[in-house]
Every structure is written in C-alpha cells, then in structure tokens.
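Reviewing the structure listed below.
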Amino acid sequence: MLIVGTQTFHGGSGINVSEARAHFSLWSVLKSPLLISADVTKMEPQFLEILKNEEVLAVNQDNLGMQAKKIRGPNADLSLLPCQSGNEFQLWTINSSGAILNRKANECLSISDCSTRAGATAIMFDCFPSGNACNYKNQLWDYDSSTRQLIADISSMCLNWDFEQVNCSSSRTMWIYKNNQLMAGSDSERCLTVPGAPSQGEIYAGPLEWGAYGAVLFNRQAASMNMTLNFTDLGLTGTTECGARDLWMHENLGVFAGSISLEVAPHDVRMITLMP
C-alpha cells in the first residue's frame, strides 16, 4: 500500500517529497496496485501532485501489463557493476571441479534450493557444504568458451544477466571470462560483483504496449549519483537510438544512442520512457 502523504497526519517524520516520488515511481513501473493509505482531503499539495501524475499512472496502467525487471542493483547476493581492475568483489576463480569461487566472499556461485526450474536464481553460498541436498550439482558450472556461456550442471541451463538460469538460446547469457572477471556481454563494461562493492544505484525497466520502455533510475544513497542505463539491458543493440522523456519533469530529453546517463538526487528517482 502507498504511504505517499501519510506523514501529514500520522505525526511521524514520514517520507519527504523525493522519497514519495521514488516510492510512487517504483510501485508504478512494477505494476503494483496503487492503493492510497492517506486522506487525500488532508494531503499537502506536493504529495497530491505525485499521486495525480498522469504520465506515471499511464505506465502503471499500461495494457501490456508487464512488470519491470531490476536490471541493475543487488539481488542480495549479486549485481552487475562497472568493471574495475583488481576489485576483489569482482574476482572469480573457475576451478577444475567446475565451482566458481569469489575470492572476496570466499563463497561459490550456486543455484538456490538445488532448483532445476527455469528462472531459479543464482546466489552466493558456502562452497561444498555438508548435507547438500543435490550432491553439490547446484554449485557446479561449465564455462563454454565457444559460446561464452555459464552452464549450470544441475539443469543444463545458462546463467543470464538477471542471475537466473534460463534456456541457453535466450538472450543476455554471454559472459566473458577475462583477467578473473566475469563480464556481461562483449562490451567489457560491467562485471559480476558480490555485495560490499560501492553502490551504483538500482535501475528497473520493462516494455510498454506502444513499443516504448518505462524505466526508473533509483538512488538510495545520501548523495547525488550519475546513473547510466545501457540499451543492451533492454534487449536492444548497443547502437540503438531512443527518444527519452522525463515523466516527472514532463519534458523530452532528446535522442540518445546506446545508453542514457542522468543525475539522480539523493533518495530520489528519474522516471523515463524510451522509444526506439
């Protein structure tokens, strides 16, 4: 349930306008029910304006009904962050047994709950613990150097950039293993990273019925952050041009090729649509 505007009569500090905007944007792009918990007759105008933003509401009510996915940010165990030489949070060893060990965490890349289903998530876990329910098959991988894919031994499926095991014919399953880093795709810009690395913010994006994409760039930190959304994360090519519109500023930002970078205020968002 939305808490936008509730601080006006609950007596607590509540959330400020930036946080309310972030809250409403995330609920909208994730296609969550927009249930208002505040009394709109007593709500301060700046919070009421958030709830009345027709462009943001249109993303939530889009007829395609596809929930946005997190395409950047931690899943509690893993994230894709800009590659940095020598960054221990990004250094991996693929040993002869097929285990993939992160040197900083001293844990192994594992499929959660020994699952064989498509969509099961990869996590970090102690390497080869006693009492493993699937004889450690959820911690064994084959790195195919010809297709550049990580194939889970337990399912014969491939790891994608959302850290899920999927059919190996799916997109976003290429990993470049170079200098002990696992790079997503062929651009060598983003690397598989365990928790503890500096936050680069969170990005959520998904398709809309009319051919565009809705996206939210979310900054949890106490300082402003420059955030970049790569169009390859949307399944587009690295040279695709997209027209961008800011749904809170109600203005067109221009046409961008391959990616868009925006400054995001503390505890705030930039919510945009991208039209290829």
Side-chain angles (χ1 to χ4, degrees), residues 1-76 162 199-229 233-234 242-254 256 260-275:
M1 182 174 288
L2 293 166
I3 59 171
V4 175
T6 56
Q7 69 275 30
T8 57
F9 60 91
H10 276 204
S13 58
I15 58 176
N16 61 32
V17 172
S18 296
E19 292 163 342
R21 183 167 45 241
H23 176 35
F24 193 62
S25 299
L26 289 168
W27 254 238
S28 295
V29 80
L30 293 171
K31 304 298 190 291
S32 300
L34 301 179
L35 303 177
I36 301 171
S37 61
D39 185 345
V40 295
T41 66
K42 299 178 181 179
M43 191 177 295
E44 295 176 9
Q46 62 268 38
F47 294 105
L48 190 58
E49 286 303 308
I50 289 174
L51 297 177
K52 292 167 60 179
N53 187 321
E54 293 185 0
E55 292 191 81
V56 174
L57 287 169
V59 172
N60 179 262
Q61 298 296 306
D62 180 71
N63 287 333
L64 189 61
M66 288 191 65
Q67 186 180 57
K69 286 189 174 183
K70 182 188 284 188
I71 59 176
R72 180 174 302 173
N75 73 340
D162 296 316
S199 173
Q200 300 294 316
E202 299 175 18
I203 298 178
Y204 300 78
L208 301 171
E209 181 188 34
W210 46 284
Y213 295 84
V216 171
L217 288 68
F218 178 33
N219 177 12
R220 291 181 179 268
Q221 306 304 308
S224 293
M225 179 185 298
N226 188 273
M227 298 179 64
T228 299
L229 168 56
D233 288 333
L234 305 176
C242 290
R245 180 170 176 81
D246 190 303
L247 305 189
W248 288 109
M249 297 172 65
H250 301 295
E251 66 179 33
N252 296 325
L253 302 178
F256 298 80
I260 181 171
S261 296
L262 297 171
E263 192 73 15
V264 186
H267 295 190
D268 209 338
V269 295
R270 299 291 295 273
M271 187 170 183
I272 60 176
T273 55
L274 294 165
M275 184 64 187

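Scope of the values below: all heavy atoms of this structure, side chains included, with no hydrogens, waters or symmetry mates. All values derive from a computational prediction rather than experimental measurement. Throughout, numbering of the chain's residues begins at 1 and tracks the sequence.
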Just so I know, are the side chains of [X] and [Y] near enough to count as touching, which here means a heavy-atom distance under 4.5 Å?
X	Y	answer
Leu57	Phe24	yes
Val216	Met271	yes
Cys242	Ile260	no
Leu208	Val59	yes

Kindly determine whether Glu202 and Leu26 satisfy side-chain contact (heavy atoms from CB on, under 4.5 Å), including the steps that lead there.
CA-CA 11 Å; Glu202 299 175 18; Leu26 289 168; 5.9 Å; no
Quick check: does any side chain N or O of [X] sit under 3.5 Å from a backbone N or O of [Y], one acting as donor and the other as acceptor?
X	Y	answer
Thr228	Ser261	no
Asn60	Pro33	no
Glu19	Asn16	yes
Arg21	Asp268	no
Asn219	Gly201	no

Considering non-hydrogen atoms only, spot the tightest contact between [X] and [Y] and give its length.
X	Y	value
Ala20	Ile50	CB-CD1, 3.7 Å
Gln221	His267	O-CD2, 3.1 Å
Val29	Ala215	CG2-N, 4.5 Å
Gln67	Lys31	CA-CG, 3.8 Å
Ser28	Val56	OG-CG1, 3.3 Å
Leu2	His23	CA-NE2, 3.4 Å

Would Leu253 and Ile272 satisfy side-chain contact (heavy atoms from CB on, under 4.5 Å), going step by step from the backbone distance to the final call?
CA-CA 9 Å; Leu253 302 178; Ile272 60 176; 4.2 Å; yes
Would Leu274 and Phe256 count as a side-chain contact (heavy atoms from CB on, under 4.5 Å) if you check the C-alpha gap in whole Å, the side-chain angles of each, and the deciding distance to 0.1 Å?
CA-CA 9 Å; Leu274 294 165; Phe256 298 80; 5.7 Å; no
CD (Glu54) with more than 12 external heavy atoms under 6.0 Å
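Not more than 12 within 6.0 Å, no.
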Just verifying a value: how many Å separate [X] [atom1] and [Y] [atom2], rounded to the nearest 0.5 Å?
X	Y	atom1	atom2	value
Ser25	Phe218	OG	CZ	9.5 Å
Leu229	Arg270	CG	CZ	12.5 Å
Tyr204	Leu30	OH	CG	6.5 Å

Audit row: Glu55, Arg245, side-chain contact (heavy atoms from CB on, under 4.5 Å) steps and yes/no
CA-CA 10 Å; Glu55 292 191 81; Arg245 180 170 176 81; 2.6 Å; yes
